[in-house]
Amino acid sequence: MSLSADDVAKIAHLARLAVAPGENAALGRELSNILDLVAQMDAADTAGVVPMAHPLDMAQRLRDDAVSEQNSRDRYQAGAPAVENGLFLVPKVIE
Amino acid sequence: MELHERSIAQLSAGLRSGEVSSTELTKHMLQRIRMHDAALNSFITVTEELALTQAKAADARIADGTAGALTGIPIAHKDIFCTRDVRTSCGSRMLKDFVSPYDATVVENLQRAGVVMLGKTNMDEFAMGSSNETSHFGPVRNPWDRETVPGGSSGGSAAAVAARLCIAATGTDTGGSIRQPAALTGITGLKPTYGRCSRWGMIAFASSLDQAGPMTRSAEDAALMLTGMAGFDERDSTSAQRPVDDYVAALGQDIRGVRIGIVREFMGEGLDAGVGASIQVAIDELKRLGAEIVEVSLPNAGLSVPAYYVVAPAECSSNLARFDGVRYGHRCAAPKDLEDLYKRSRSEGFGPEVKRRIMIGTYALSAGYYDAYYLKAQKIRQLIADDFRKAFAECDVIVGPTAPSTAFRIGEKADDPVSMYLSDIYTIAVNLAGLPGMSIPVQPSAGMPVGLQLIGGLFDEARLLNVAHQLQLATDWHRQAPAGF
């Protein structure tokens, strides 16, 4: 498995990471080495095996549709990079 | 015996008898941190003032007779656990100034039991690493040899417990992050069954694997700490809804006739000869204590590292999507638009190993690759769990090495991610199957600690702790301490 500089740029965009164009090739080699390790999975015969999503054989627990949280907005927003009137501020999205 | 050398049970007795107060004990431990931690870097934050307040409250509980086994005992939390009004960095630049607005359930449970928090320990960034070198706050040094790593990702907790800077610590284990550092620093570490300790307030890495557990100097201390940490929590949707066993009561059992399984695949190629010899000494000791030794096989264990490096990065890429520079954590300067805000905040906030894993996970989950990667890995996970089910039909507890070698040198594997990943070759299968696993110190190799891994069936923590305790009653490997601390 070998990832090209273009592949790396595409993955970085999907992951919302900024990778400088000069780093793409080196990062591609590092990621390809990891994918080579992962490719050892191909040797396993998994025909008919039920995928295991969770270690415990349990059903999703449900709860009553009742209010369980108090409003702690101010406390939770205290650590935000930029807030105003209880709203998170971001750069303009719609021109 | 000096205060910091005593077990939790001994300290608890001393606190109740009035021989020592929690305030005195806490001051003693804070003094040790001041004296020794510059050489180790095991703490990111020391919460001196809070510790003394909690110690005072513990002393009041001891005086009025409402104290429990952990009341007044000074411990440290891995900096992955959210602690209210205290910085919770997860070893990352992304959260270097994050002050948590709430406590993790594990923190809350231990607080209710009356422990004193000395501070928050260093760790690999977002728990991704096996050497504690990926921390934004710098590497932790192994107290047994400061040129070597303490293991990771709970390397700060391991080094602090090994150097007796705290009586016990919490850790988390996604692929070996409690057991491997416990092995490399000569302490006892337990990763419980998936779901035994609540994940609420524990910063998520790979949600189907993450589990909290105690890091201590003995199995007896681990039993006491786990009792304080474990339990059902409705705020964690995968918390196990079953009562917590009496781990302390289970410690008294003879291990005659207990069937100990030795995994053929773990004792061969790739295992350092000195480590292998120490493991054999421990197996012989278990046999001498009356355990029955049987050979078992985990034929698919070799696939655990490849499958893990799909499952863990995939879940990490999803979990770490929350760090967007908007609600909390690092934000880049002067973003030109929203996409630039996301991309630069994340790239500046995350270190190289975290970025690598996010990208591997993003790739594995991207359109067209799901079946080849994530689904295939989940099928291999099933094969590995089946191997364990078959092995546990023939034995009660599996033992073997925790790590393939003793502590490696700082920098030795830092530039080779794949070689670093193989440090967890014996521990990862246990997380994939959701089983409890433990590491306890055995005979050192060339002066450096070696860990014996014990693996049990689902929710068999009590038996693991008892086997470890019986071995520790008959040997003194767990009492050895690094020189100079």
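Basis for what follows: all heavy atoms, side chains included, without hydrogens, waters or symmetry-related copies. Convention: sequence-line order gives letters A, B, ...; per-chain numbering from 1.
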Legend entry - B:Gln211 and B:Thr172 side chains, donor-acceptor separation under 3.5 Å: no
Inset, instruction - Verify whether one side chain among B:Arg331 and B:Ser345 offers a donor that lies under 3.5 Å from an acceptor in the other. - result: no
If you define the side chain from C-beta out and look only at heavy atoms, does anything of [X] sit under 4.5 Å from [Y]?
X: B:Arg356; Y: B:Pro417; result: yes
X: B:Val354; Y: B:Ser92; result: no
X: B:Leu320; Y: B:Phe323; result: yes

Between [X] and chain A, which part of the residue has a heavy atom less than 4.5 Å away: side chain, backbone, both or neither?
X: B:Ser317; result: neither
X: B:Glu339; result: side chain
X: B:Ala377; result: both
X: B:Asp415; result: neither
X: B:Leu338; result: both

Inset, instruction - Among the options B:Val326, B:Ile358, B:Thr193, pick out the one with the most heavy-atom pairs lying under 4.5 Å from chain A. - result: B:Val326
Legend entry - chain A interface, residue from B:Ile384, B:Thr238, B:Val99 that has the most non-hydrogen pairs under 4.5 Å: B:Thr238
Quick check on [X] against chain B: is it the side chain, the backbone, both or neither that has a heavy atom closer than 4.5 Å?
X: A:Leu89; value: backbone
X: A:Leu56; value: side chain
X: A:Asp45; value: backbone
X: A:Val8; value: both
X: A:Gln60; value: side chain
X: A:Val93; value: side chain

Inset, instruction - Please lay out, stage by stage, how B:Tyr421 and B:Ser130 fare under the test side chain to side chain donor-acceptor pair (under 3.5 Å). - result: CA-CA 7 Å; B:Tyr421 297 170; B:Ser130 308; over 6 Å; no
Legend entry - Test: B:Asp340 and B:Lys343 ion pair at under 4.0 Å: no
Do you know which of [options] has the most heavy-atom pairs under 4.5 Å to chain B?
options: A:Ala43, A:Ala12, A:Ala18, A:Ser72; answer: A:Ala18
options: A:Val19, A:Val49, A:Val90; answer: A:Val49
options: A:Gln40, A:Arg63, A:Lys92; answer: A:Gln40

Inset, instruction - Kindly determine whether A:Tyr76 and B:Tyr328 satisfy ring-ring contact (aromatic ring centres under 6.0 Å, His included), including the steps that lead there. - result: CA-CA 9 Å; A:Tyr76 293 160; B:Tyr328 48 80; 9.7 Å; no
Legend entry - Audit row: B:Asp103, B:Arg84, salt bridge (Lys or Arg N to Asp or Glu O under 4.0 Å) steps and yes/no: CA-CA 5 Å; B:Asp103 280 320; B:Arg84 187 170 177 162; over 6 Å; no
Legend entry - Aromatic plane relationship, B:Tyr370 with B:Tyr374 - under 30° parallel, 30 to 60° tilted, over 60° perpendicular: tilted
